[in-house]
Amino acid sequence: MFMDEARLAGLVRHPNAVGVLDVGVDDDGPFLIMDFVEGVSLSRLIADAVGAGRSIPMQVAVRICMDAARGLHAAHEVRAEDGTVLRLVHRDVSPQTILVGFDGTVWVTDFGIAKDLGNSSRTSTAD
């Protein structure tokens with residue numbers, strides 16, 4: 001199941017989605033090699049703002065949402081080798097799975113429980 005999930009995540013290629021570059025198995029078990037994002041999770045950004053008694057500026061919040069939506073849309077558009085749309089759905093979009101790079105780039109990550117709606121038998125959590 002891990003390899004299947006890794007395969008699905010590896011199909012998503014977009015500037016706003018953390019890419020899976022490779023997958024393998026070593027003595028410690030299966031692993032993924034993913035894009036490195038130098039930044040923080042949106043949940044950390046929110047917590048830091050709240051801790052400082054501030055809110056995230058509206059323009060910044062809208063930009064984060066727009067860029068995350070672009071990354072998610074790329075997942076929805078992923079195609080199989082035969083060209084059919086897989087209808088990949090993330091299923092865990094939250095402030096913990098949205099990363100904000102120190103350069104301002106927004107990335108969606110953790111497609112670990114993504115579901116290929118074209119294959120109703122594939123899932124890794126309860127529906």
Side-chain angles (χ1 to χ4, degrees):
M1 193 177 302
F2 174 84
M3 297 302 267
D4 199 29
E5 292 170 0
R7 180 190 64 79
L8 286 175
L11 295 173
V12 181
R13 298 278 183 236
H14 190 272
N16 297 112
V18 173
V20 173
L21 306 174
D22 198 5
V23 62
V25 179
D26 64 13
D27 293 339
D28 294 325
F31 63 87
L32 296 176
I33 298 175
M34 303 174 75
D35 289 325
F36 177 74
V37 176
E38 192 169 351
V40 297
S41 67
L42 180 55
S43 61
R44 167 89 183 270
L45 196 66
I46 292 168
D48 288 353
V50 169
R54 297 187 312 240
S55 60
I56 296 174
M58 182 62 69
Q59 299 89 333
V60 173
V62 169
R63 174 65 185 268
I64 291 170
C65 291
M66 286 174 47
D67 287 351
R70 288 181 179 111
L72 291 168
H73 179 73
H76 297 197
E77 296 294 311
V78 167
R79 295 181 180 270
E81 288 181 17
D82 66 2
T84 60
V85 176
L86 293 177
R87 298 175 25 193
L88 185 62
V89 177
H90 188 286
R91 299 194 324 159
D92 188 27
V93 179
S94 66
Q96 292 80 17
T97 62
I98 298 174
L99 304 177
V100 180
F102 294 137
D103 65 354
T105 303
V106 175
W107 304 70
V108 178
T109 190
D110 195 6
F111 285 85
I113 65 168
K115 182 172 180 76
D116 168 359
L117 293 179
N119 182 347
S120 60
S121 68
R122 182 184 299 128
T123 187
S124 62
T125 64
D127 284 324

Pairs of donor and acceptor atoms involving the side chains of residues 96-106, under 3.5 Å and at least two apart or interchain, shall be tabulated with distances.
residue, atom, partner, partner atom, Å
Gln96, OE1, Ser94, OG, 2.9
Thr97, OG1, Asp92, O, 2.9
Thr97, OG1, Ser94, N, 3.0
Thr97, OG1, Ser94, O, 3.1
Asp103, OD1, Thr105, N, 2.9
Asp103, OD1, Thr105, OG1, 3.1
Asp103, OD2, Thr105, OG1, 3.2

Next on the checklist: What verdict does the side-chain contact (heavy atoms from CB on, under 4.5 Å) test give for Leu88 and Leu11, after you've listed the backbone C-alpha separation in whole Å, the side-chain angles of each residue and the deciding distance to 0.1 Å?
Outcome noted: CA-CA 10 Å; Leu88 185 62; Leu11 295 173; 5.9 Å; no
Acceptor/donor pairs from residues 43-61 side chains to any protein atom, 3.5 angstrom cut, sequence neighbours excluded:
residue, atom, partner, partner atom, Å
Ser43, OG, Ser41, OG, 2.8
Arg44, NE, Asp48, OD2, 3.3

Checklist entry - How about Val93 and Leu72: do any of their side-chain heavy atoms sit closer than 4.5 Å? => result yes
Checklist outcome for this item: d(Leu86 CG, Glu77 CD) to nearest 0.5 Å is 11.0 Å
Next on the checklist: If the condition is side chain to side chain contact (heavy atoms under 4.5 Å, CB included), which residues does Arg70 pass it with, not counting sequence neighbours?
Outcome noted: His14, Asn16, Met66, Asp67
Expected list for residues 20-35: side-chain donor-acceptor pairs under 3.5 angstrom, two or more places apart:
residue, atom, partner, partner atom, Å
Asp26, OD1, Asp28, N, 2.8
Asp26, OD1, Gly29, N, 3.3
Asp35, OD2, Gly19, N, 2.7

